[in-house]
2 protein chains.
Amino acid sequence: MNSEFTLAVHSLTYLALHPGWMATSNAIAESTAVHPVRVRKVLGLLRKQGYIAAKEGCAGGFILQVDPGELDLHDIYKITSKGTLLPKCSSANPDCVVGANMKTTLTTIFGNAEKQLETFLAGYSIKDVALMVRQHPSKQITEIVTGF
Amino acid sequence: MNSEFTLAVHSLTYLALHPGWMATSNAIAESTAVHPVRVRKVLGLLRKQGYIAAKEGCAGGFILQVDPGELDLHDIYKITSKGTLLPKCSSANPDCVVGANMKTTLTTIFGNAEKQLETFLAGYSIKDVALMVRQHPSKQITEIVTGF
DNA sequence: TATAACTGTAATCATATTCATTTCAGTTCA
DNA sequence: TGAACTGAAATGAATATGATTACAGTTATA
């Protein structure tokens with residue numbers, strides 16, 4: 001899965017685990033270890049979908065706008081990774097049966113594969129991810145205030 | 001899906017539709033519109049698995065070694081694309097719960113997604129792909145000798 | 001109302017990945 | 001013996017990805 005997806009999911013999970021706060025792109029950049037500008041770019045996509053709100057200026061930042069239990073990985077996938085599974089075979093030989101029809105054939109097959117993947121991803125909410133992250137034994141920082 | 005996979009499937013389909021022939025890397029390169037050296041490189045992987053045989057020297061080339069109905073897209077996926085679905089989030093902040101555990105969490109989720117994808121791909125044999133390619137209306141070159 | 005702390009966005013640069021291309025050694029057939 | 005192949009390494013070009021810089025616009029607050 002591409003890194004825009006993982007960055008988006010990471011950011012949303014971070015926001016879900018800091019309910020009521022305004023998290024700055026710098027704070028999220030520290031957690032994700034990517035550049036703040038990139039955080040703002042990806043979060044801009046989530047804002048356009050209404051999943052988060054952004055506030056400019058002093059004391060600004062990002063905050064979740066939806067119930068983490070109602071936002072699933074398919075929602076994120078649609079924004080950051082749609083079509084990832086589709087085959088990359090641009091221009092084979094049109095004068096050969098195989099060359100002429102391979103792209104359509106594989107696109108059909110992987111179109112269905114992607115539908116199945118999307119259904120699978122719809123089974124995980126950001127809340128689920130947040131719970132999985134917290135359940136993991138490697139770090140249990142209990143000071144974090146969580147809403148669930 | 002990455003282009004090694006599509007190149008491998010394209011090549012195998014080509015071989016399946018030319019049973020009994022020795023197809024050269026040049027012939028396959030013409031159908032796929034990629035460089036012959038790359039064809040040989042990818043077909044080398046398939047040869048190592050025993051799916052095809054390669055013959056060096058004059059009148060050499062590649063030929064299918066297995067029943068196209070018994071070779072499925074999961075077999076190819078394993079060789080060319082294993083792990084494609086796994087998330088790319090290398091080194092987040094280990095001092096943050098989210099950063100410390102996101103990779104493991106997403107790897108767990110997408111590990112299952114990949115298993116599901118592999119099951120899906122196992123449902124399509126090279127024979128199926130060859131039939132789909134021939135059924136497609138855009139090119140029906142009937143001179144091609146086929147074994148099924 | 002001035003300033004500090006933010007987001008939004010464009011532009012540029014560095015790095016990584018992907019592929020084509022060249023080259024050549026080894027193999028096989030005629 | 002030479003032409004037609006594969007195998008494999010090495011190089012270079014093109015593309016994709018991500019960091020960085022820069023700056024305009026926004027907002028709280030002292």
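Because the structure is predicted, anything quoted here is derived from the model rather than measured.
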Within residues 47-64 of chain B or reaching into it, pairs that qualify as side-chain hydrogen bond (donor to acceptor under 3.5 Å, both in side chains) - sequence neighbours excluded: none
Atom NZ of B/Lys78: over 12 foreign heavy atoms under 6.0 Å: yes
Those residues of residues 24-46 of chain B lying under 4.0 Å from DNA chain D by at least one heavy atom: B/Thr24, B/Ser25, B/Val37, B/Arg40
Integer-rounded Å distance: D/dA16 P and B/Lys88 NZ: 14 Å
Near-ring test B/His10/B/Tyr14, centroid separation under 6.0 angstrom: no
Hydrophobic cluster identity match, A/Met132 and A/Val9, side-chain contacts under 4.5 Å: yes
Nearest-0.5 Å distance, CG of residue A/Asn2 to CG of residue A/Leu7: 10.0 Å
Spacing between B/Met22 atom CE and D/dA4 atom C1', to the nearest angstrom: 13 Å
Close approaches to DNA chain D from residues 49-59 of chain B, in residue order (heavy atom, under 4.0 Å): B/Ala54, B/Lys55, B/Glu56, B/Gly57, B/Cys58
Range on DNA chain C touched by chain B - first to last nucleotide, heavy-atom distance under 4.0 Å: C/dC19 to C/dC29
Polar side-chain atom of A/Ser31 near backbone of A/Ile28 as donor-acceptor pair, under 3.5 Å: no
Most 5' of B/Gly60 and B/Lys48 on DNA chain D, judged by nearest nucleotide: B/Gly60
Pairing residues for A/Asn112 by the side-chain hydrogen bond (donor to acceptor under 3.5 Å, both in side chains) criterion, not counting sequence neighbours: none
Test side chain to side chain contact (heavy atoms under 4.5 Å, CB included) applied to B/Ile76 and B/Thr6, B/Leu121, B/Leu12, the passing residue: B/Leu12
Residues that B/Lys41 engages under side-chain hydrogen bond (donor to acceptor under 3.5 Å, both in side chains), provided they are two or more places apart: none
A/Leu73 side, atom CG; A/Tyr124 side, atom OH - distance, nearest 0.5 Å: 8.5 Å
